[in-house]
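Read through the structure below, which is laid out as structure tokens, and then see the notes.
None of the values given here were measured: they were computed from a predicted structure. Sequence positions, counted from 1, serve as the residue numbers for this chain.
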Amino acid sequence: MPNSSHQFDQSNGCQSNRPHLARPWSQRAKHYDVIVVGSGYGGGVAAARLARAGKRVAVLERGREYVPGEFPNRFSDLKSQIRISSAGKSVGPSAALYDIRVGADMHVMVGCGLGGGSLVNAGVALRPDTRVFDDTIWPEALRRDGLLDQGFERAVHWIRPARHPGASSMSKYRALKAAGDNLGHVINDSPLTIGFDETVNPAGVAQPACTLCGDCCGGCNVGAKNTVAQTYLAEAARHDADMFTDVSVHHIEKQSCGTWSVITQQDGQYGATERLEADVVMLCAGTLGSTEILLRSAAQGLACSSQIGQRFSANGDVIAFGYGAKTTINAIGVGYPSKLDDHQVGGVVSGHIEFNDPDKLENSVCVLEGVIPSALAPILPVLFLPDGRLVGALKSLIKGVYKGPFAHLQTFFAVSHDSAKGWFTLENDRICLNWPGAKDEPVYAKVDAVLSDIVAHSGGDYVKHPLSETIAGNKPSTAHPLGGCAMSEDAAHGVVNHKSQVFDTTHGATTRNVHKGLYVVDGSIIPRSLGVNPLLTITALSERALLHFARDHNLPDDDEQAADMPSHLVC
């Protein structure tokens, strides 16, 4: 069991209630039963489940480890935690917390670190509309065998989504509710992977209560957020899984004896590779990472489906703003320790409105009110200088963003449905997103119309992106990339089967044969948009895949589900 002693980070005065999980690279073994590549929701589930079952597990993560108290809470710290890549060139450290890919057709932002995107996401745990899984794009077994529901139940038990009891008192919540009332739509309290009460979680980690600082997307320095590192990975470490950070995986190779070689690179040692061996490899590096590794592996001769890289979806993502609302919004984080006394913002999301179309799923939109992390607060006036907002921006430079015009700034996260017609290729050994005409997808006009109506009722101006004419280039962006290793019935239509096993095309392109011991367990297997934040679905699909793995390999299933799950946990 990990050492439970507290650690103290002198940089910002925050105390961590969880020890570091990662080991020095020098402690690696040459062979493992299972190597898990990546440490997001899929990687966390795989590591915890297999370590609990007695397997010797290694987790390889290309980012670094953060414990509560170590996340950047000042812009001077944050700017060194951003990596921007475009056209084969990159600026910023390779293991930066925020990994931004600037593309010709679309931009993608993902989190990087031990715990993956859970470190910096909004933590919204919504289950998709049932019509999403009625789509025949999914393998029939997934839609019919009943294990997906069990996957969702297990996901809820571990990531523990809860609704903030005081959500309706938050200013940003009240503003969205008022707009919803005027438009004839009801606001919902959002289930978040945040603990609003002090607790000890199922992994044995003591967690304090949320302080409502609003910095969830900047990294929770309180320790109240149920990240993968706080939950599944802590559980894996408790069962002796080895975790290594600053280690990238270039590709994998199948050995003649049936085992796997994982070709690794340590951060900062480009060109210096090392092989680790495993009986089972689980690719859990996310849509960008797992797809890139499989594309490289196929280029090295691994017999995989030609569908690798296809069916990329941006999940209909839009991040937008309402500038100049009549009422005070208070949607800028104050951080922990707080930058402003007696000022509560709430979780990064407190409420959402579902604009559901009962006749056509693709027309449905989910709008969530949001918060800008406190580390970004100092540069907000600069971001909003374009489009005639110079005067307001200059006022905020004088008054501060918490008291000037930016106290009236609304932030929105919207998710909907797109056509999932993007695709990835390898260019100079790096993954490249292609989606000509992405900005013309109907989803963006639809979401713009909904958000414009909401902002109008608040008395502000709708701002799709404050930098849309500069670095953003008037292109869509997403923080919810899906697809690339799509789940399907056979290799002619996807990359993995319903159990997340990678198709083996040695004997034909339409085969249902699979590579023994090779799995993809993350958001890259999702073949379409979800219309909600994907974290709960990714976790549930991962839990389902590990249920099948346990059955196929006669492993014990000793999940300690709570018979009387607390009523505040929601699915």
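Taking a cutoff of 4.0 Å between a charged side-chain nitrogen and a carboxylate oxygen, Arg49 and Glu235 do not qualify as a salt bridge. Using a 4.0 Å cut-off between charged side-chain N and carboxylate O, Lys446 and Asp448 make no salt bridge. Classification of Arg62 and Asp246 as a salt-bridged pair fails, no side-chain N sitting under 4.0 Å from a carboxylate O. The pair Asp242-Arg23 meets the salt-bridge criterion, with a side-chain N (NZ, NE, NH1 or NH2) lying under 4.0 Å from an Asp/Glu carboxylate O. Between Arg52 and Asp240 there is no salt bridge, since no side-chain nitrogen of the basic residue lies less than 4.0 Å from a carboxylate oxygen of the acidic one. Contact check on Arg131 versus Asp135 returns no salt bridge, with no Lys/Arg side-chain nitrogen under 4.0 Å from an Asp/Glu carboxylate oxygen.
Proximity of Asp522 to Thr287: side-chain heavy atoms (C-beta onward) are nowhere separated by under 4.5 Å.
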Check the pair Leu142, Leu148 against side chain to side chain contact (heavy atoms under 4.5 Å, CB included), reporting the backbone distance first and the verdict last. CA-CA 7 Å; Leu142 180 133; Leu148 183 59; 4.2 Å; yes
Val371 vs Thr411, side chain to side chain contact (heavy atoms under 4.5 Å, CB included): CA-CA, chis, key distance, verdict: CA-CA 6 Å; Val371 177; Thr411 300; over 6 Å; no
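Checked by atom type, the side-chain pair Glu543/Tyr232 shows a donor-acceptor distance below 3.5 Å. Between Ser190 and His352, the side chains place a donor N or O and an acceptor N or O closer than 3.5 Å (distance only, hydrogens not considered). Asp418 and Ser313 are linked by a side-chain donor-acceptor pair at a separation below 3.5 angstrom, with hydrogens and angles left out of the test. Side-chain contact annotation: Ser364 with Asp357, donor-acceptor N/O pair under 3.5 Å absent. A side-chain donor-acceptor contact under 3.5 Å links Thr478 and Asp317. Checking Asn330 against Tyr402 by side-chain atom types alone, no donor-acceptor pair falls below 3.5 Å. Between Lys177 and Asn182, the side chains place no donor N or O within less than 3.5 Å of an acceptor N or O (distance only, hydrogens not considered). For the residue pair Lys172/Ser350, the side-chain donor-acceptor check at 3.5 Å is satisfied. Side-chain contact, Asn315 with Ser529: no donor N or O sits under 3.5 Å from an acceptor N or O.
Summarising the geometry of Cys112 relative to Tyr66, their closest heavy-atom pair is O-CE1, 4.3 Å, with the distance given to 0.1 Å.
Under the side chain to side chain contact (heavy atoms under 4.5 Å, CB included) rule, His417 has a single partner from Val132, Asp129, Leu530, which is Val132. Just one of Thr231, Asn201, Thr199 meets the side-chain hydrogen bond (donor to acceptor under 3.5 Å, both in side chains) condition when paired with Gln207; it is Asn201.
In this structure, CG on Leu176 lies 5.5 Å from CD1 on Ile454, to the nearest 0.5 angstrom.
Residues Tyr323 and Phe406 place their aromatic rings such that the two centres sit under 6.0 Å apart. A ring-centre distance under 6.0 Å is found for Tyr519 and Phe549.
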